[in-house]
Amino acid sequence: MAESAKPGLRIREGDCAVLKRDEVFKAVLVLRRRKVIFEKQWFYLDNAIGHIYGTTFEVSSGGSLQPKKKMEETTTETKEAGTDNRNIVDDGKSQKLTHDDIKALKDKGIKGQEIVQQLIENSTTFRGKTEFAQDKYIKKKKKKYEAVITIVKPSTRILSTMYYAREPGKINHLRYDTLAQMLTLGNIRAGNKMIVMETCAGLVLGAIMERMGGYGSVIQMYPGGGPVRAATSCFGFPESFFNTLYEFPLSKVDSLVSGTFSSETLPSEPEYNVPVEEESNGSLDEKQTLIQETEEESSTEAVMESNETEEQETMDLAAEDTEYKESKEKGNKENIREKQRKQQERRRKLVETAALLEEKNADGLIVASRFHPTPLLLSLLEFVAPSRPFVVYCQYKEPLLECYTKLREKGGVINLKLSETWLRNYQVLPDRSHPKLMMSGGGGYLLSGITVTVEKVQSNVSTLEAQKIEEPTSKKRKLQELDC
C-alpha cells in the first residue's frame with residue numbers, strides 16, 4: 001500500500017492515473033486532447049505523457065502542463081517576524097493589491113509563486129506576524145494562487161483515501177486503515193484462492209488483486225445483474241490480472257450449496273437472441289419494401305411531371321437510403337453475433353466458477369457489503385477450506401454482534417474477534433506537533449475468525465463417550481471403592 005510509484009515508471013496514454021493537490025485526489029484516464037477539471041482548474045494531460053509518475057506540474061496559460069522546476073527557498077520572506085499577533089487587526093486594509101490588480105497579473109501570465117511573493121511584499125501586516133503565522137499565510141496563498149498538481153500511480157492507499165474523502169457512501173464508509181486490517185486478517189497473498197463479496201464499488205476487490213499480484217484466483221460474488229467494478233478499473237491492472245478473476249451471482253449460491261445447481265439452470269443466451277435476430281430481419285425487410293414503394297411512387301410522379309432533374313434526385317436519394325439500410329442491417333447482425341459470443345463466454349466462465357466453488361477449498365473469505373452479513377457469511381463459509389481466515393466488515397456493530405452469536409451457536413469457527421480500528425492524524429512540524437483538530441469519528445467494525453471442521457470435533461466427542469462406556473469392570477470397582 002505504498003504511495004510512491006516505482007522509479008522509472010512513466011505515464012503512458014490510456015493509463016489510469018491519480019491527480020493530487022495537497023490532500024485532494026482524483027482518478028482520471030490519461031488521454032490526449034481531453035479537458036480535465038480538477039480543483040477549479042482545467043488543463044490537458046498531453047504534456048504529462050512520457051514523464052515519470054510523481055512529477056509535479058504547473059498549469060500554464062491555455063491549459064498545458066509544464067514540469068515544475070525546483071526553486072531555492074527564499075529567506076527574505078521570514079527575515080522579519082513579530083513576537084505575537086495581538087496588535088494585528090483584520091480590517092481588510094492590510095493588502096495594497098486589489099482583486100483587479102491580481103487579475104491583471106494572472107492575465108499577463110505571471111506564475112502563482114510570483115503572485116504570492118507580490119502579495120507578501122504589499123502586505124502591511126506580514127512582517128508583524130509571528131513566524132508560524134507567516135508560514136500559515138504563505139501556505140494559504142500558495143494553495144489559492146499556485147496551480148500545481150502531481151500525477152501519481154494509483155494504489156490501494158491512494159484510492160481508498162480518495163473515495164473516503166470524496167464519496168464515502170459508495171464504499172460503505174470503509175476507511176483505509178480498516179481496509180488494511182482486512183487484508184492483514186484475511187492473510188491475502190499471492191497464490192491464494194479468495195472469495196470476495198463486496199458492494200464497495202470494487203475497491204476491496206482491487207485491493208485484494210493488487211496484494212495477490214495476478215497469482216492465484218479471486219471469485220467475486222455479486223448481487224443483481226452484474227458486478228460493479230468502478231474502483232477496480234482505476235487501479236489500471238494489466239489484462240493478466242483479470243484472467244484470474246471469476247464472478248458468480250449470489251442468487252445461485254443456495255442451489256450450489258444444496259447440490260441442485262447445473263449449467264441448465266443458467267439462462268440460454270443464444271436461444272434467447274434468435275427470435276430477436278429474426279424479428280430485426282423482418283422489420284428491416286418491411287422497411288425495405290416501404291422504401292421500394294416510395295421509390296416507385298416518386299419515379300411515377302417524376303414521369304408525370306416530366307422533370308428529369310427531380311427524377312434523378314429521387315433515384316439518388318433512394319439509392320442512398322437502400323445503402324444506408326443495408327449497412328445498418330449488417331451492423332445489427334454483427335452486433336447480435338458479438339452479443340451472443342460475449343454471452344456464451346460469460347456462461348462458460350460461470351460454469352468454471354461454479355466448479356471452483358464446488359471444490360470447497362477456498363483459502364479465505366472477505367465480506368464487505370451493505371447487506372446483512374449473517375446470511376451471507378453462513379452460506380459462503382461452506383466454500384472455505386478448514387483452518388482458513390474470514391473477515392466481515394460492517395459500518396455498524398449490531399449486525400456483526402448478531403453474526404457473532406449465530407457463529408458461536410453453529411460452531412465450525414474459532415478465534416472469533418469483533419474489533420474497531422481507531423485512527424488519529426498528527427501534524428508533525430518543529431515545535432508544533434500535535435493531533436489534528438479534525439479526525440474521523442469511526443471506520444467501521446470487523447468480525448474475523450478461522451474456520452475448523454465440525455465433524456472431527458463431533459467424532460472426538462463420540463469416541464470419548466464410547467471409551468467411558470467401555471471401561472473395564474476392575475476400573476469401575478476401584479472407582480466405586482474410592483467413592484465409598
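These numbers come from a predicted model, not from an experiment.
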Strictly by ring-ring contact (aromatic ring centres under 6.0 Å, His included), give each pair with a member in residues 188-247 just once, sequence neighbours left out. F235-F237, F237-F241

Taking only residues two or more places apart in sequence or in another chain, which ones pass side chain to side chain contact (heavy atoms under 4.5 Å, CB included) with P375? H372

For R189, all residues meeting salt bridge (Lys or Arg N to Asp or Glu O under 4.0 Å), sequence neighbours excluded: none

Looking at Y393 and N172, would you say the former's side chain and the latter's main chain have a donor-acceptor pair under 3.5 Å? yes

Pair E352 + R348: basic N to acidic O under 4.0 Å: yes

Hey, could you give me each pair passing side chain to side chain donor-acceptor pair (under 3.5 Å) that has a residue in residues 35-50? Not counting sequence neighbours. none

Residue pairs meeting salt bridge (Lys or Arg N to Asp or Glu O under 4.0 Å), one or both in residues 227-250, sequence neighbours left out, come to R229-E247, E247-R346

Can you sort out the partners of Y164 under side chain to side chain donor-acceptor pair (under 3.5 Å), two or more places apart, ordered by chain and number? S440

Checking T150 now: which residues fulfil side chain to side chain donor-acceptor pair (under 3.5 Å) with it, not counting sequence neighbours? T56

Write out all pairs satisfying salt bridge (Lys or Arg N to Asp or Glu O under 4.0 Å) with one or both partners inside residues 213-224, taking only residues at least two apart or from two chains. none

I'd like to check the salt bridge (Lys or Arg N to Asp or Glu O under 4.0 Å) partners of R341; sequence neighbours left out, ordered by chain and number. E338

Supply the atom-to-atom distance L245 CG to Q220 CD, rounded to the nearest 0.5 angstrom. 6.0 Å

May I ask you to decide if I151's main-chain N or O and T55's side chain share a donor-acceptor pair within less than 3.5 Å? no

Tell me which pairs pass salt bridge (Lys or Arg N to Asp or Glu O under 4.0 Å) where either residue lies in residues 428-454, with sequence neighbours left out. D135-R432

Here the salt bridge (Lys or Arg N to Asp or Glu O under 4.0 Å) pairs for residues 384-410, sequence neighbours left out, are D363-R388, E382-K410

List in chain and number order the residues that pass side chain to side chain donor-acceptor pair (under 3.5 Å) with E167, two or more places apart in sequence or in another chain; answer none if no residue qualifies. K170

